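Proteins get letters first, then strands, A, B, ... in listed order; numbering begins at 1 in each. Model, not experiment: these values are computed from the prediction. Only heavy atoms go into these numbers, but all of them, side chains included; no hydrogens, no water, no symmetry mates.
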Number of protein chains: 2
Amino acid sequence: MTRSRTQADGSRAPTSADVARLADVSQTTVSQVLNGKAGITRISAETREKVIAAAARLGYTPNHAARSLRQRRTKLIALVLPTLDNPYFSDVVNAAQEAARERGYAVTVMPIREGDGFRASSLLQGAACDGIIVAGHENCASPELRLLQARGLAVAVLQEQSPDPAISSISVDLEAGGHLATRHLVALGHRRIGHVTERLRPAANGMSRIDGYRRALAEAGLAFDPALVVVTENSMAGGATGAERLLATEGEPATAAFVYNDQLAVGALARLRERGLLVPRDFAVVGFDGLAVGGFTAPPLTSVDSPRGTLGRLAAEVLIRAIEAGSPMAETHRLPVRLLVRGSCGGQEPGDPPP
Amino acid sequence: MTRSRTQADGSRAPTSADVARLADVSQTTVSQVLNGKAGITRISAETREKVIAAAARLGYTPNHAARSLRQRRTKLIALVLPTLDNPYFSDVVNAAQEAARERGYAVTVMPIREGDGFRASSLLQGAACDGIIVAGHENCASPELRLLQARGLAVAVLQEQSPDPAISSISVDLEAGGHLATRHLVALGHRRIGHVTERLRPAANGMSRIDGYRRALAEAGLAFDPALVVVTENSMAGGATGAERLLATEGEPATAAFVYNDQLAVGALARLRERGLLVPRDFAVVGFDGLAVGGFTAPPLTSVDSPRGTLGRLAAEVLIRAIEAGSPMAETHRLPVRLLVRGSCGGQEPGDPPP
DNA sequence: CTGAAAGCGCTAACAG
DNA sequence: CTGTTAGCGCTTTCAG
């Protein structure tokens, strides 16, 4: 009973060897009992009891690093988010976490600011997790992703279409959302409809919000007017200045706007109010995401609702599939969206519109 | 040159042995070059070059699990949050991350729902990280925390006073905040001031928002009326029903409320509006947190601003100090707050009030 | 049904 | 200035 290497505070996390000693069995047996697959019963009931009791008495938990090293598997998934200040990801993370847990994986969130270029990637490269789900424009577009994938890390991209077809992507149908939102405004009689958006990406492939916006305009016989597209920063403040700029646009003024996301839309609503415009009487707004906050704005925000739970769950499932396949099988999923009609467009009272 | 164990896709993450072979040196040398402390130069410039070149050529990144196992240190800090749907923590996390990075640590976020009882704690117990910063009522109060600390994990509690004096705590001065908010309302002439709050915790130790609320009332010679304290759920919807209940209270009606946090306050503002009350003319509201969203509500929300960046940075510093000391030194920090006057109380235009 | 031995990839002692 | 050796804690053959 050599009790070596004590910590500064006198204790030391118990190891499987400690458990083995206490239960008077081998480490192998401890491992077998504690990780025993249901099927294979190579352990007697009596031994099993002893081991379990010993483990419980010591409060034993397997050392994560040792196990990961040995198994070349961490059972850990990282969700890479650009920021935590948009509650959009809350539901996504919860659902991903739940789906992962069912399969024996844990989910952890790594905030990596857009443009930081995966500076934290020593962790990712170093196989600190088995796979990553990546969100955020730049992060998703990063060429480093395919390097990570080549290193054996499973990669899935969330809410963006990856430029790289070899990388899995789970997103909602942004184009359909843009179309739905814009069509809604058209149906309410608007003919000068603006679009407030985050910086436009060059790699537009006909799959983004603005494409749906343009399609709805075209279908209604309305010309696309670049002067009505305002690019701004992705924040509430950005939404406010976006609205401001839209109002200041030359030519016939806009009477409505389809806004990139609810975060921006909250800012836009505030600025419209400050400028003395009454929404929806003087101006209509549609957001995107279907955030809870939209139920509490003045007026409540009509928005394209995205199935965040399904998105998160699916992302986890796809990723785990790839991890367990051992090879990078790319899957692409595009989930449908629906219009969540609240009060910011007028015309109808809260309730679901006809499809 | 035995190239063994290829992955399904034919590649394999390079190891330090691979680098050593390529550079024609020993693994030790590779390790020394790549982790070399600035001071100790036991490596010739030439060798260093060779190693660095080889590592670069292979795209070598040290294996996290192996390194952690060997060093008994992960250089990883987990921030345990109850949910991601309150943007409050965004700044906290960013600041913590920055402070940690300066010291060579990475920060990861683990969402653990309140009441889940650290179910994910196999990771925490298993030494998957060196320390944790815990937020959320129940999580902070969990007795498991001291177990984790006993296991050698550094623990710091955020924004709550830990019931356990042996655990570090970094929070803002909630009592002062409650006092500041309530005094502001008193100064504006309100005499029936309600308080909408999340469930009250038994362990009230004179340090929470409500204590400051009561102190300000007392100082103004106003009686504390339990009928004006409404307990509700921690969400925007909860804030709405809280406001509702406050309006329905019997006795002389409230004309103002100090609300637990901005999330709740957003909901409260919305419900007041729906009920036809004009804020601040008919009712005044003060929130807590100083979130960005408060700048975009109708009217903009006056709130007790909390130094979230400092909080996060300090938490990381305290934790890292504890990690590197090797023993659980408890530190308690309570940061000051200030009133952020916007429009939801009237009386003065946006701008800082006199202290 | 159980144990002994090997080794995951890395770094820290200790020799030279 | 560099290499050899050992071992972190675990799981996994392989023998019994």
Novice: Between B:E331 and B:S168, is any side-chain donor less than 3.5 angstrom from a side-chain acceptor?
Specialist: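 No, no side-chain donor-acceptor contact under 3.5 Å.
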Novice: What closest approach, in Å, do A:P165 and A:A330 show between heavy atoms, and which atom pair accounts for it?
Specialist: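 Residues A:P165 and A:A330, closest heavy atoms: O-CB, 3.5 Å.
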Novice: List the residues meeting salt bridge (charged side-chain N to carboxylate O under 4.0 Å, His left out) with A:D130, not counting sequence neighbours, and say none if there are none.
Specialist: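 A:D130: no salt bridge (charged side-chain N to carboxylate O under 4.0 Å, His left out) contacts found.
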Novice: Are A:R72 and C:dG9 close enough that a side-chain N or O sits under 4.0 Å from OP1 or OP2?
Specialist: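 Answer is yes, contact under 4.0 Å.
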Novice: Return whichever of B:Q27 or A:R67 has its heavy-atom-nearest nucleotide of DNA chain D closer to the 5' end.
Specialist: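 That would be B:Q27.
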Novice: Donor-acceptor pair under 3.5 Å: do we get one between B:T28's side chain and the base of D:dT4?
Specialist: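 A donor-acceptor contact between them is present.
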Novice: Testing the 3.5 Å rule here: is there a donor-acceptor pair between the side chains of B:T28 and B:S31?
Specialist: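 There is no such pair between these side chains.
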Novice: Using a strict 4.0 Å threshold on nitrogen-to-oxygen distance, state whether A:E324 and A:R103 make a salt bridge.
Specialist: no
Novice: Using five pairs at each end of the helix from C:dC1-D:dG16 to C:dG16-D:dC1 to define an axis, what is the angle between those two axes, to 10°?
Specialist: 40°
Novice: May I ask you to verify whether the side chain of A:S31 and the base of D:dT12 hold a donor-acceptor pair under 3.5 Å?
Specialist: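 Answer is no: no donor-acceptor pair is held.
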Novice: Below the 4.0 Å mark, does C:dC10 have OP1 or OP2 next to a side-chain nitrogen or oxygen of B:S16?
Specialist: yes
Novice: What is the minimum heavy-atom distance between B:L34 and B:A55, and which atoms define it?
Specialist: CD2-CB, 4.4 Å
